[in-house]
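For reference, the structure discussed in these notes is given below.
All heavy atoms count here, side chains included; hydrogens, waters and symmetry mates do not.
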Amino acid sequence: MHEMSVAISIVDAVCETARKDGALSVSRIELVVGRLAGLQVESLRFCFSSAAKGTLAEDAVLAVEEPEARGECGDCGSRFPVSFFYAECPVCRSLKVRIVSGEEFMIQSIIIEEGE
């Protein structure tokens, strides 16, 4: 399951950052996962809960923003939503479509609870 290794990497990165900042715990993690990022968000959520057990992020809320994928036509310049890496321009029917968004995957922010 690809999402488990991704979830473990997220937990490791978040907990390392939280420890450096003297956190007692992590209360929220915000991710951006584009629709063409190659991740199943529901599987990632499931795996995250297992990966976070016993860590500073165990009780963290995992918020995931899923921006739609967009393509740009290399012939007419139109921009439009796409659902796959290969698409046809809905304006001029060209197949010269470049993906301009939707492949993102990043940790946008974390919220930590600090000790005194």
What is the minimum heavy-atom distance between [X] and [Y], and which atoms define it?
X	Y	result
Ala57	Cys15	N-SG, 3.9 Å
Ala60	Arg28	CB-N, 4.1 Å
Leu36	Ser83	CD2-O, 3.7 Å
Leu31	Ile107	CD2-CG1, 3.7 Å

Distance (rounded to the nearest 0.5 Å) between [X] [atom1] and [Y] [atom2]:
X	Y	atom1	atom2	answer
Lys53	Glu58	NZ	CD	6.0 Å
Glu16	Thr55	CD	OG1	13.0 Å
Phe105	Ser9	CZ	OG	8.0 Å
Thr17	Ile29	OG1	CD1	10.0 Å

Side-chain heavy atoms nearer than 4.5 Å, only ILVMFWY residues, links allowed to pass through others: does that put [X] and [Y] together?
X	Y	result
Val11	Val64	yes
Leu62	Leu39	yes
Phe48	Ile111	no

Taking side chain as C-beta onward, heavy atoms only, is [X] less than 4.5 Å from [Y]?
X	Y	result
Val33	Glu65	no
Phe80	Val97	yes
Cys89	Cys76	yes
Ile99	Phe85	yes
Glu42	Leu44	no
Glu3	Gln40	yes
Pro90	Ser78	no
Ser27	Asp59	no

message: Please determine whether a side-chain nitrogen of the Lys or Arg among Arg98 and Glu72 lies less than 4.0 Å from a carboxylate oxygen of the Asp or Glu.
response: yes
Glu68 and Arg35 ion-paired at < 4.0 Å: no
- request: Give a yes or no answer on whether the side chain of Glu104 reaches the backbone of Gly102 with a donor-acceptor pair at less than 3.5 Å.
  value: yes
task: Take Ser109 and Glu30 through the test side-chain hydrogen bond (donor to acceptor under 3.5 Å, both in side chains) and record every step on the way to the result.
output: CA-CA 5 Å; Ser109 66; Glu30 296 178 347; 2.7 Å; yes
task: Please step through side-chain contact (heavy atoms from CB on, under 4.5 Å) for the pair Arg70 and Val82, ending with a clear verdict.
output: CA-CA 5 Å; Arg70 296 194 60 82; Val82 296; 5.7 Å; no
